Amino acid sequence: MVLRVGNTSGFYGDRFDAVREMLTGGELDVLTGDYLAELTMLILGRDQLKDPDAGYAKTFLRQMEEGLGLAHERGVRIVANAGGLNPAGLAEALRGLAAKLGLPTRIAHVEGDRLPPRDGVLTSNAYLGGAGIAACLAAGADVVVTGRVTDAALVTGPAQWHFGWAPEEYDRLAGAVVAGHVLECGTQATGGNYAFFTAHDPALFRRPGFPVAELHADGSAVITKHAGTGGLVDIGTVTAQLLYETAGARYPGPDVTARLDTVRLTPEGPDRVRIHGVTGEAPPPTLKAGLSRLGGFRNEVVLVLTGLDIEAKARLVREQIEDALAGSGSRPAEVRWELVRTDRADAATEETASALLRLVVRDPGPEAVGRALTGAAIELALASYPGFHVTAPPGRGAPYGVFTTEYVPAADVPHTAVLPDGTRQEIPAPVRTLDLAPVPDPPLPPPLAYDSTRRGPLGRIAGARSGDKGGDANVGVWVRTEEEWRWLAHTLTVERFRELLPETAGLPVVRHVLPNLRALNFTVAGILGEGVASQARFDPQAKALGEWLRSRHLDIPEVLL
């Protein structure tokens, strides 16, 4: 008895046509969509300030203009967290759409994740589990929309409903959590953002298909995709996504804590990878909650420096703007300069002869990042370095957001399933819980014996995927053979990691060892400042941090090359 669960969205703004592609491209029982990232909650919160009836992903409602009919014809249930801050509002809009289309679609939603308002906080939501989704499906819902649930809950909920799992069947639930984590980011499981894409036919990656998980009653699953779609599913693509935005061996959630150190991956033919052996533990007694608030105002100017004397040009304009800001009497609270040397000597084009000097300012109020900055930059147009120009005219300061997390007792959060007939069903908190504790690192494999090395980039043998969690980042690194693992496990220590990525040198870095995946997962605390919305660094979500690591050179055994 297999449950086929597909994904159609990894973020708010993902491929619009994916709903049609997934519903018409192959067999499915449930179609899921993840629309909520940390930044999305801030965006929806600002939307709701302007319109109290807003707060949900409007794209999903537009997709359902066609999707409701296609799903009804094929008997596919739809589960999405597109409700954002207003799942009841989205459910009502979907009922109106179904009536307009003449469809008997039964709509349900899950709420309770929104925490009581507090001063200075724009949005505050706890991450709920899948039990509310399961209750809605059991009551006959064709479409279930939620607010803030864990990304994996979009899969664990349908699995609980379909297989009738009890709340304490932890191993089965953990298997569904792992499958849900692979599916949640859409095409990242099918070759998107994949470190080893150059090892395959480039045509595969032009338009990757979205992933499908074939779940079994024992909690195992096969990750695949619809036949004939682009992309690739293999051990590497699944491993990469398993490491994305995770940390240690324990992966906690509202339904279960999944043990990532027990995950086993086995190839089952072209574009088919089996996930099995996952064990689970009781969930923690608390729920993670995400809070977003307006952090202040920011502005930026990118100055273009071309040709000779790049360092001297940067020094001149920096001193000029700093003098102007000091003279204005309203120097921003934070001023950051970054010179990006994209220039080349004797370049064939002006663009490749140019470097970029980026100035970012932040302040609690809009005045210090507004006219004081734009005036200083514009007034230098004829009075600074030769060739002065900017990538775009400086504008007014814009508000930026800050994302933080906290933990609240699960029993204090009213997890509620609102069934298709309007009945409200309260979902009880777990009876058994287990406080989280670190898992001791497993023994390392025997070191690799080798005679000679060659200097080269780590990415010659290792893949990586990185991402953000609030102000922290994680970098998952994996290799494909046992010999490579014997070298990597002993070579890429925290000390070596800091050497290769100097930006992390003064930050807390923790290494987690996952032998079954031949992987190391590094968490870097604080590298993203106050989170993606604050845009604290050039790569605010740490999406390319892993690729930077792969590009760094070290001594690699020749036997591996």
Side-chain angles (χ1 to χ4, degrees), residues 4-26 28-44 47 55-71 74 76-87 90-91 93-94 97 107 109-110 125 127-128 130 133 142-158 179-193 207-213 223-226 229-231 233 237 241 244-245 467-468 532 541 543:
R4 293 175 176 84
V5 180
N7 171 280
T8 189
S9 174
F11 65 98
Y12 190 11
D14 209 341
R15 189 189 306 167
F16 186 86
D17 293 337
V19 169
R20 181 192 312 117
E21 293 171 10
M22 291 301 290
L23 288 172
T24 61
L28 286 178
D29 300 302
V30 179
L31 182 62
T32 67
D34 179 13
Y35 291 77
L36 301 183
E38 293 170 356
L39 180 61
T40 311
M41 301 303 282
L42 178 69
I43 293 169
L44 295 178
D47 286 349
Y56 56 78
K58 297 176 182 177
T59 300
F60 176 77
L61 188 60
R62 289 171 45 220
Q63 288 173 309
M64 290 301 101
E65 291 175 6
E66 181 181 22
L68 288 183
L70 291 173
R74 291 159 174 77
V76 177
R77 314 278 183 122
I78 294 176
V79 178
N81 61 13
L85 302 176
N86 188 9
L90 177 56
L94 286 167
L97 176 61
I107 314 293
H109 73 275
V110 177
N125 300 78
Y127 289 71
L128 302 178
I133 296 170
D142 301 303
V143 177
V144 183
V145 291
T146 77
R148 179 76 277 185
V149 297
T150 65
D151 301 337
L154 301 175
V155 173
T156 62
H181 181 64
V182 173
L183 256 61
E184 72 181 61
C185 285
T187 51
Q188 278 199 167
T190 57
N193 301 348
R207 191 180 175 86
F210 280 72
V212 174
I223 305 299
T224 184
K225 61 187 184 68
H226 285 335
T229 58
V233 177
T237 66
Q241 184 54 30
Y244 182 64
E245 295 182 347
D468 63 314
V532 55
Q541 290 181 284
K543 296 294 187 182

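Only a predicted model underlies this, so the values are computations on that prediction, with no experimental measurement involved. By convention here, the first residue in the shown sequence is residue 1.
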Checklist entry - Hey, does the side chain of S9 reach the backbone of D34 with a donor-acceptor pair shorter than 3.5 angstrom? => result yes
Item to check | Verdict with supporting geometry, N125 and L85, side chain to side chain contact (heavy atoms under 4.5 Å, CB included) | outcome: CA-CA 8 Å; N125 300 78; L85 302 176; 3.6 Å; yes
Item to check | Beyond-backbone contact of H226 with E21, side-chain heavy atoms, under 4.5 angstrom | outcome: no
Checklist entry - Going from NZ on K58 to CG on L61, what distance comes out if it is rounded to the nearest 0.5 angstrom? => result 10.0 Å
Next on the checklist: Please check this pair: side chain of H181 against backbone of E245, looking for a donor-acceptor N/O pair closer than 3.5 Å.
Outcome noted: no
Checklist outcome for this item: Nearest heavy-atom approach of R15 to P208 is NH2-O, 2.9 Å
Next on the checklist: Would you say that I78 contacts F60 through its side chain, given a criterion of any heavy-atom pair below 4.5 Å between the two side chains?
Outcome noted: yes
Next on the checklist: Before you tell me yes or no, could you show the steps for M64 and V19 under side chain to side chain contact (heavy atoms under 4.5 Å, CB included), namely the whole-Å CA-CA distance, both residues' side-chain angles and the distance that decides it to 0.1 Å?
Outcome noted: CA-CA 8 Å; M64 290 301 101; V19 169; 4.0 Å; yes
Checklist entry - Taking all non-hydrogen atoms of both residues, which atom of A153 and which atom of G130 are closest, and how far apart? => result CB-N, 3.7 Å
Checklist entry - Which pair of heavy atoms, one from V182 and one from A189, lies closest together, and at what distance? => result O-CB, 3.4 Å
Checklist entry - Just by modelled atom types, is the L23 backbone N or O under 3.5 Å from a matching donor or acceptor in the R74 side chain? => result yes
Next on the checklist: Testing V149, V5, N7 one by one against L154 for a side-chain contact (heavy atoms from CB on, under 4.5 Å), which residue passes?
Outcome noted: V149
Item to check | Shortest non-hydrogen separation from Y244 to C185 and the atoms involved | outcome: CE2-SG, 3.4 Å
Item to check | Beyond-backbone contact of L68 with D142, side-chain heavy atoms, under 4.5 angstrom | outcome: no
Next on the checklist: What I'd like to find out is whether the side chain of V30 reaches to under 4.5 Å of the side chain of V155, using heavy atoms alone.
Outcome noted: no
Next on the checklist: Which residue in the set L128, V79, T156 passes side-chain contact (heavy atoms from CB on, under 4.5 Å) when paired with I133?
Outcome noted: V79
Checklist entry - If every non-hydrogen atom of G84 is compared with every non-hydrogen atom of P87, which pair is closest and at what distance? => result O-CD, 3.9 Å
Checklist entry - So how far is it from T8 OG1 to D14 CG, rounded to the nearest 0.5 Å? => result 7.5 Å
Item to check | Test item: R148 and L36 side chains (from C-beta on) under 4.5 Å apart, heavy atoms | outcome: yes
Next on the checklist: Run the side-chain hydrogen bond (donor to acceptor under 3.5 Å, both in side chains) test against T40 and tell me which residues pass, sequence neighbours left out.
Outcome noted: none
Next on the checklist: Would you say that more than 12 heavy atoms from the other residues, nucleotides or ligands in this model lie under 6.0 Å from the NZ of K543, or not?
Outcome noted: yes
Checklist entry - Any donor and acceptor pair, going by atom type alone, linking the side chain of N81 with main-chain N or O of Y35 inside 3.5 Å? => result yes
Item to check | Separation of T59 OG1 from Y12 OH (nearest 0.5 Å) | outcome: 4.5 Å
Item to check | Test side-chain hydrogen bond (donor to acceptor under 3.5 Å, both in side chains) applied to Q241 - qualifying residues, sequence neighbours left out | outcome: Q188, R465
Next on the checklist: Looking at T190 and V233, would you say the former's side chain and the latter's main chain have a donor-acceptor pair under 3.5 Å?
Outcome noted: no
Item to check | Chi angles and distances behind the side chain to side chain contact (heavy atoms under 4.5 Å, CB included) call for V145, Y56 | outcome: CA-CA 10 Å; V145 291; Y56 56 78; over 6 Å; no
Checklist entry - If every non-hydrogen atom of M22 is compared with every non-hydrogen atom of F210, which pair is closest and at what distance? => result SD-CB, 3.5 Å
Checklist entry - Any sub-3.5 Å donor-acceptor pair from T32's side-chain atoms to G6's backbone N or O? => result yes
Item to check | Side chain proximity check, L70 to R20, heavy atoms < 4.5 angstrom | outcome: yes
Checklist outcome for this item: The reported gap from CG in L28 to CZ in R4 (rounded to nearest 0.5 angstrom) is 9.0 Å
